[in-house]
Amino acid sequence: MRKNTLVIKLDKENIKLDELKIPSEILKSGGLVAFPTETVYGLGANALDEDAVKSIFVAKGRPSDNPLIVHISDISQLENLVKCISESAKKLMEKFWPGPLTLLFEKSDLVPLVTSGGLDTIAVRMPDNEVALSIIKQTGLPIAAPSANLSGRPSPTSASHVLEDLDGKIDAVVDGGETSVGLESTVLDLTSDTPLILRPGSVTREQLLEVLKEVSYDSALESSDKRSVPKSPGQKYRHYSPKAKMEIFLGKREDVVDKINEELKKYDSQGIKTAVLSSDETLDLYNARYKLSMGSEKELSKVASNLFHLLREFDKLDVDIILSEGVEEVGIGKAIMNRLKKAAGGNVTYV
Ligand code: TXA
Ligand code: MG
């Protein structure tokens, strides 16, 4: 059903109480409101209202077995949502909340199974963005919010990305400007013996090890074996995808540049429209008509905040194939490579 999506502009430096009325009333009455967080825009609904949560899945075209993250504005909201809060969880929340770390807990009976995608665990985080926090606070509710994109598309880092995907399908979008981190939160499972990173994000394993004795990555994240099932259902789908096919080339910088130039020539001779995704350092080395830079390889946090916007830019260029470099998998580089590989459907060549 087509709706009129209302756009509500908010200045995150100067949020007025009456501006929060409309979005919070929509959420309280079971509607859908997209809003910015520090990572990406989320598509919010009352996490405890089954019908509201179901309509998130419909608007996004999201598989119903892919659970949602519940967003809170105050730690006191957590008690009703989960069975118990471990000492490790307390320490992590103290250090990283509000912020881009999502924690898994055993869920309480209050949380409907639609919200948790049928699982008995629930993912929770407290976003570090004043607009998000004020809206959640104003509703007094836990707010379920997946990234506010159509399922499979790159996550939105601005209100215009949200409208590209969901205009007419949701009640409102709160435009609070561009998001700062640009990649979704780190998802950490504390319900297994060893804490497991199910989705890498800007809170890195190294940072988590400052609080926890051990932290591993879900082994299925790294595996090329199609039979290994990731513990985070969202990781099993092709995701973040631009419309073009994407190929990633990894190796020594000179070799990668040579290989991509070679591929460009090959595709050109076949009349296939190509584009290159490079770094600032290598942009000039490509003989390509269409080329975009992720940013400097020395500033990976900027690369992270540019990435999803760039993937959407390629759609506008209407190219058939994107030939992409990778980044070094250190710090947030791990999360960047996770998203790039997903966008490429695992199509990686080592040169
Ligand atoms: O930064 C973020 O996390 C953004 C903003 C809006 O907060 N949200 C976000 O939500 O990225 P979404 O739904 O696009 O991704 C949630 C991820 C999915 O991969 C999902 O499978 C996983 O978290 N997840 C959620 N609950 C889970 C659970 N109980 N067990 C395992 N994985 C879970
Ligand atoms: Mg998502």
Side-chain angles (χ1 to χ4, degrees), residues 23-24 26-35 37-40 42-57 60 62 64-129 132-148 184-192 195-199 201 203 208 211-212 231-234:
S24 64
I26 296 175
L27 287 167
K28 284 201 278 189
S29 59
L32 299 184
V33 178
F35 57 83
T37 76
E38 81 282 33
T39 58
V40 299
L43 177 58
N46 176 357
L48 306 180
D49 176 339
E50 264 191 50
D51 290 333
V53 171
K54 275 186 195 152
S55 63
I56 290 185
F57 286 89
K60 280 183 57 90
R62 181 177 175 107
S64 60
D65 69 347
N66 192 1
L68 307 178
I69 296 174
V70 177
H71 295 63
I72 58 175
S73 57
D74 193 290
I75 301 239
S76 63
Q77 289 177 285
L78 190 60
E79 276 159 37
N80 288 332
L81 303 172
V82 305
K83 284 214 168 114
C84 70
I85 305 172
S86 66
E87 282 311 308
S88 310
K90 283 183 192 154
K91 283 188 210 149
L92 290 164
M93 293 187 294
E94 172 109 353
K95 187 166 166 84
F96 295 105
W97 282 9
L101 177 65
T102 294
L103 299 175
L104 253 59
F105 299 89
E106 273 181 59
K107 79 169 194 66
S108 73
D109 294 338
L110 195 68
V111 181
L113 281 167
V114 268
T115 307
S116 67
L119 300 175
D120 50 18
T121 53
I122 185 76
V124 186
R125 86 177 191 99
M126 188 190 291
D128 187 14
N129 176 293
L133 290 171
S134 318
I135 293 173
I136 301 167
K137 195 167 171 198
Q138 188 73 13
T139 63
L141 292 166
I143 300 293
S147 50
E184 308 85 340
S185 60
T186 304
V187 176
L188 183 70
D189 185 357
L190 290 172
T191 65
S192 50
L196 278 186
I197 295 174
L198 305 189
R199 177 177 71 182
V203 173
L208 294 170
V211 176
L212 302 170
K231 287 192 74 184
S232 165

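In this chain, numbering begins with 1 at the start of the sequence shown.
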Inset, instruction - Just do the side chain to side chain contact (heavy atoms under 4.5 Å, CB included) check on Leu81 and Leu48 with the steps written out, would you? - result: CA-CA 9 Å; Leu81 303 172; Leu48 306 180; 4.1 Å; yes

Would you name the heavy atoms of [X] and [Y] that are closest together and state the gap between them?
| X | Y | answer |
| --- | --- | --- |
| Ala34 | Ala148 | CB-CB, 4.1 Å |
| Lys231 | Ser192 | NZ-CB, 4.0 Å |
| Thr115 | Ala47 | OG1-O, 2.9 Å |
| Ile135 | Phe35 | CD1-CB, 3.8 Å |
| Lys60 | Pro146 | CD-CG, 3.5 Å |
| Thr191 | Leu104 | CG2-O, 3.7 Å |

With sequence neighbours excluded, what pairs up with [X] under the side chain to side chain donor-acceptor pair (under 3.5 Å) test?
| X | answer |
| --- | --- |
| Ser55 | none |
| Asp120 | none |
| Asn46 | none |

Only pairs under 3.5 Å count here: list side-chain donor-acceptor contacts from residues 88-101, not counting sequence neighbours, and write none if there are none.
unit_1 : atom_1 : unit_2 : atom_2 : d
Lys90  : NZ     : Glu87  : OE2    : 3.4
Lys95  : NZ     : Glu210 : OE1    : 3.1
Trp97  : NE1    : Leu101 : O      : 2.8

Inset, instruction - Look up atom CG in Leu78 and atom SG in Cys84, then write down how far apart they are to the nearest 0.5 Å. - result: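 Rounded to the nearest 0.5 Å, the CG-SG separation comes out at 10.0 Å.
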
Set of residues satisfying salt bridge (charged side-chain N to carboxylate O under 4.0 Å, His left out) with respect to [X], sequence neighbours excluded:
| X | answer |
| --- | --- |
| Arg125 | Glu38 |
| Lys54 | Glu50 |
| Asp49 | none |

My understanding is that only residues two or more places apart in sequence, or in another chain, count here; which of them pass side-chain contact (heavy atoms from CB on, under 4.5 Å) with [X]?
| X | answer |
| --- | --- |
| Thr139 | Ser24, Leu27, Lys28, Leu141, Ile143 |
| Pro195 | Leu188, Leu190, Leu212 |
| Asn80 | Leu110 |
| Ala45 | Leu32, Ala52, Ile56 |

Legend entry - Pro233 backbone acceptor or donor facing Asn66 side chain under 3.5 Å: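 Looks like no, no N/O pair under 3.5 Å.
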
Inset, instruction - Please answer whether the main-chain N or O of Glu184 pairs with a side-chain N or O of Arg199 as donor and acceptor at a distance below 3.5 Å. - result: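 Not confirmed, Arg199 side chain does not pair with Glu184 backbone.
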
Within-4.5 Å side-chain heavy-atom neighbours: [X] and [Y]:
| X | Y | value |
| --- | --- | --- |
| Gln77 | Ile136 | yes |
| His71 | Met126 | no |
| Phe105 | Val124 | yes |

Inset, instruction - Please list all pairs passing the side-chain hydrogen bond (donor to acceptor under 3.5 Å, both in side chains) test where one or both residues lie in residues 102-114, with sequence neighbours left out. - result: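 Qualifying pairs, neighbours excluded: Thr102-Ser185.
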
Inset, instruction - Quickly, which of Leu196, Ile197, Thr121 forms a side-chain contact (heavy atoms from CB on, under 4.5 Å) with Asp189? Name it, please. - result: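 When Leu196, Ile197, Thr121 are each tested with Asp189, the side-chain contact (heavy atoms from CB on, under 4.5 Å) holds only for Leu196.
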
